[in-house]
Amino acid sequence: MEESTTVSLSTSPETYFEFKPIKKQAILILKKSFIPIFFVSFILNVLFIIDGTLVPGLDISFRFGSVSLQSFYIKIFSNFASSLCMLLVSNSNSIILTMIVLLLLIITIKLFLINPLELGARKYFIMLNRKNENKLSNLLFFFSNNYISNVKKMVRRDLMLFATALLGFFINKLLLQALYQNIFQNYWFRPISIVAVISIGLFSFLISFSLFIVAMYTYKWVPYIIAENTDITGYRAMKISENVMHGYKWKTFLFELTFLLWYILGTLAFGFGVLFVNSYMDVSKAVLYERMRGKVIKMNKAEYWELGYESNPFKN
């Protein structure tokens with residue numbers, strides 16, 4: 001575990017979240033090592049596309065139609081799985097069995113391939129920012145260092161996120177079912193009922209969606225913390241991430257939102273520009289993590305050695 005050389009020892013934790021210095025440092029890093037950064041970021045985001053198939057989608061069905069809120073990638077996987085099932089089997093029982101096998105295969109890939117690669121990618125970006133250490137071997141680091149242990153740690157985080165997503169999914173379904181039975185079905189043509197349908201439907205979606213988003217930001221730094229310290233427990237990594245993000249979830253969201261214009265421009269460039277923006281954002285998040293780990297040490301929410309320090313940088 002290496003000592004950081006970039007954390008500011010400011011007396012105010014707020015200075016850790018200044019957007020301009022973070023992005024400026026990220027751009028300097030990109031200029032030095034763009035090609036390997038692009039490669040690692042590309043792999044990381046391909047993994048996230050596959051990972052997205054495990055997040056429950058939402059389908060709002062009404063009397064006269066339906067509105068799909070599922071991820072684009074979930075739809076692709078669903079269509080692929082359905083087509084494959086039709087090719088492999090000829091009866092409904094076999095289709096169900098095949099779907100279960102495919103789901104287990106996806107989960108296995110997620111736990112034993114995607115998660116270790118994500119940890120390796122986070123380690124790569126952390127060390128690139130901290131020590132200018134441009135080692136692509138970091139991408140595969142966790143396949144040979146505490147592999148099973150780190151797989152288990154990430155499972156804890158994934159279960160929490162998945163449980164939160166399912167909870168939001170069922171809340172959404174229950175609210176929409178109540179909406180359909182009590183308002184929509186009987187009073188559709190009354191103006192007041194239309195307003196109620198739209199309001200309750202929007203409220204239902206916001207509740208279900210926000211639960212998962214809050215959990216996602218709460219445990220955002222878990223892969224970084226595990227990449228930082230392979231000896232830390234999964235529970236402790238989640239607790240530290242929770243402490244780091246306490247009071248900073250909204251600010252982190254706003255930070256990521258500042259990349260929205262870049263993503264729009266990247267999309268206009270035939271979509272290829274998005275790949276370059278991903279590299280910029282991945283490096284920026286590594287820089288932000290470097291600052292935020294200093295914040296949690298300064299506020300006595302974690303021990304210095306848990307986050308890769310050789311000594312407490314804030315100790316007089």
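When all heavy atoms of K295 and V244 are compared, the pair lying nearest together is NZ-O, 3.1 Å. A302 approaches L307 most closely through the heavy-atom pair CB-CD1, 4.3 Å. Counting all heavy atoms, side chain and backbone alike, T230 lies closest to F141 at CG2-CE2, 3.9 Å.
I35 CD1: 12 or fewer foreign heavy atoms inside a 6.0 Å radius. The environment of CE in M160 is sparse: at most 12 heavy-atom neighbours from other residues, nucleotides or ligands sit within 6.0 Å.
Aromatic ring centres of F34 and F276 lie closer together than 6.0 Å. When ring centroids are compared, Y147 and F142 stay outside the 6.0 Å threshold.
At a threshold of 4.5 Å between side-chain heavy atoms, the hydrophobic network of Ile, Leu, Val, Met, Phe, Trp and Tyr places V214 and M245 in two separate groups.
Considering only residues two or more places apart in sequence or on other chains, Y217 meets the side-chain hydrogen bond (donor to acceptor under 3.5 Å, both in side chains) condition with E256. Under the side-chain hydrogen bond (donor to acceptor under 3.5 Å, both in side chains) criterion, K285 pairs with no residue, sequence neighbours left out.
Note on ring orientation: taking the six-membered ring where Trp is involved, the planes of F42 and F38 are parallel (angle under 30°, cut-offs 30° and 60°). Between Y280 and F259, the two ring planes are perpendicular [angle over 60°; tilted spans 30° to 60°].
No salt bridge links K123 with E118; every basic N to acidic carboxylate O contact stays at or beyond 4.0 Å.
In this model, no donor atom of one side chain and acceptor atom of the other lie less than 3.5 Å apart for N150 and N115.
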Starting from the C-alpha separation in whole Å, work towards a yes-or-no answer on salt bridge (charged side-chain N to carboxylate O under 4.0 Å, His left out) for E228 and R122.
CA-CA 9 Å; E228 184 83 76; R122 298 309 181 193; over 6 Å; no
